[in-house]
2 protein chains.
Amino acid sequence: MSDIKPTESELEILQVLWEKGPSTVREVHEELSKNKESGYTTTLKIMQIMHEKGLVSRNTSAKTHVYSAEVSKQQAQKSALNKIIDTVFTGSTADLVIQALGSHRASKDEIDAIKDYLKQFENK
Amino acid sequence: MSDIKPTESELEILQVLWEKGPSTVREVHEELSKNKESGYTTTLKIMQIMHEKGLVSRNTSAKTHVYSAEVSKQQAQKSALNKIIDTVFTGSTADLVIQALGSHRASKDEIDAIKDYLKQFENK
DNA sequence: TTGCAAATACGAAAACTATCGTAGATATTT
DNA sequence: AAATATCTACGATAGTTTTCGTATTTGCAA
């Protein structure tokens, strides 16, 4: 089980890549700048480090490199869940689910989706 | 909304305090040592820092100080959830729940608990 | 082709976290 | 009371992450 552990800043960048698809540093940086103040070379540097770590790949055929996420959103989700289930939920998935539903009011559609999902455990 | 952001080590300590209740550094350290190798003064130092930050309080009337968690497990859970919902789940509670149930096989009891919980949304 | 603009590469500083050695204080034991 | 054990306080080091300044490279336009 290769453990994916992007840092905070790395996650912010992955988010952009997941949403926008393969992007240049400039594009990622523009996007991040909407919420946060920071220099262009900072974003560049972090993306370069991510590349060394294998979190992203990049196409360097043109002057301006294009970066792509190499970890899927799902992998990151799973990894993030693992972590907080271990640390704050004492291993209880049920606690997590109930907390999540309790403090983040889900929409009716969401509730329905979850109910549907649970049906598969009906006959066990 | 005061944002609780304990570090990794701080969370490990909080876990002990949540489970055992108010404890001395020695007690916390013994507990941590079960899973992890590290020096006593390391634990002490972190707990002192946590005190500065207000994550714990302490009773210094005796020679040996007694520390108590000042953030509840619930607060930490909520905060951890908020964070990952923002970063990796793009705001979708349903995604989170389904992922959680999918990758961490919950026990039958847990599934039942969740189903029960969902019943309260029956008539909406 | 020369110069300018935009991009990458590099390295180092700053900020934060974790770790521990040592000193000093406070009890406990002999 | 002196020696011993245990605790807190303090400061320094090491590791990690974030940030950015500066140099170099690359493509385009004058």
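Chain identifiers are assigned alphabetically (A, B, ...) following the order of the sequence lines, protein sequences preceding nucleic acid strands; residue numbering begins at 1 within each chain.
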Residues passing the side-chain contact (heavy atoms from CB on, under 4.5 Å) test with B/Glu30, sequence neighbours excluded, are B/Arg26
Residues of residues 28-37 of chain A with any non-hydrogen atom less than 4.0 angstrom from an atom of DNA chain D: list those, numerically ordered, please.
A/Lys36
Starting from the 5' end of DNA chain D, give me the residue, A/Ala62 or A/Gly39, whose nearest nucleotide shows up first.
A/Gly39
Listed pairs under 3.5 Å, donor-acceptor, residues 52-59 of chain B side chains, sequence neighbours left out:
| residue | atom | partner | partner atom | Å |
| --- | --- | --- | --- | --- |
| B/Lys53 | NZ | B/Glu10 | OE1 | 3.4 |
| B/Lys53 | NZ | B/Glu10 | OE2 | 2.7 |
| B/Ser57 | OG | B/Glu70 | OE2 | 3.1 |
| B/Arg58 | NH1 | B/Tyr67 | OH | 2.9 |
| B/Asn59 | OD1 | B/Ser61 | N | 2.9 |
| B/Asn59 | OD1 | B/Ser61 | OG | 2.7 |

Quick test of your reading of the model: are B/Lys83 and B/Asp86 salt-bridged, counting only N-O distances below 4.0 Å?
no
What distance separates B/Met47 CE from B/Leu17 CG, expressed to the nearest 0.5 Å?
5.0 Å
How far does CZ of A/Phe89 sit from CG of A/Asp95, to the nearest 0.5 angstrom?
7.5 Å
On DNA chain D, does the nearest nucleotide to A/Thr42 precede the nearest nucleotide to A/Ser61 from the 5' side, or the other way round? Give the residue.
A/Thr42
Going 5' to 3' along DNA chain D, which are the first and last nucleotides with any atom under 4.0 Å from a heavy atom of chain A?
D/dT17 to D/dG27
Find the distance between NE2 (B/His29) and OG1 (B/Thr42) and round it off to the nearest 0.5 Å.
7.0 Å
Supply the atom-to-atom distance A/Ile114 CD1 to B/Leu101 CG, rounded to the nearest 0.5 angstrom.
8.0 Å
Check this for me, if you would: do A/Lys36 and A/Glu31 make a salt bridge, where the nitrogen-to-carboxylate-oxygen distance has to be below 4.0 angstrom?
no
Who passes side-chain contact (heavy atoms from CB on, under 4.5 Å) against B/Glu27, sequence neighbours left out?
B/Ser23, B/Thr24
How would you summarise protein contacts on nucleotides 4-17 of chain C per nucleotide, using B for base, S for sugar-phosphate only and - for none, with heavy-atom distances below 4.0 Å?
--BSBB-B-----S
Reference residue B/Val88; test side chain to side chain contact (heavy atoms under 4.5 Å, CB included); the match among A/Gln15, A/Gln75, A/Gln77:
A/Gln77
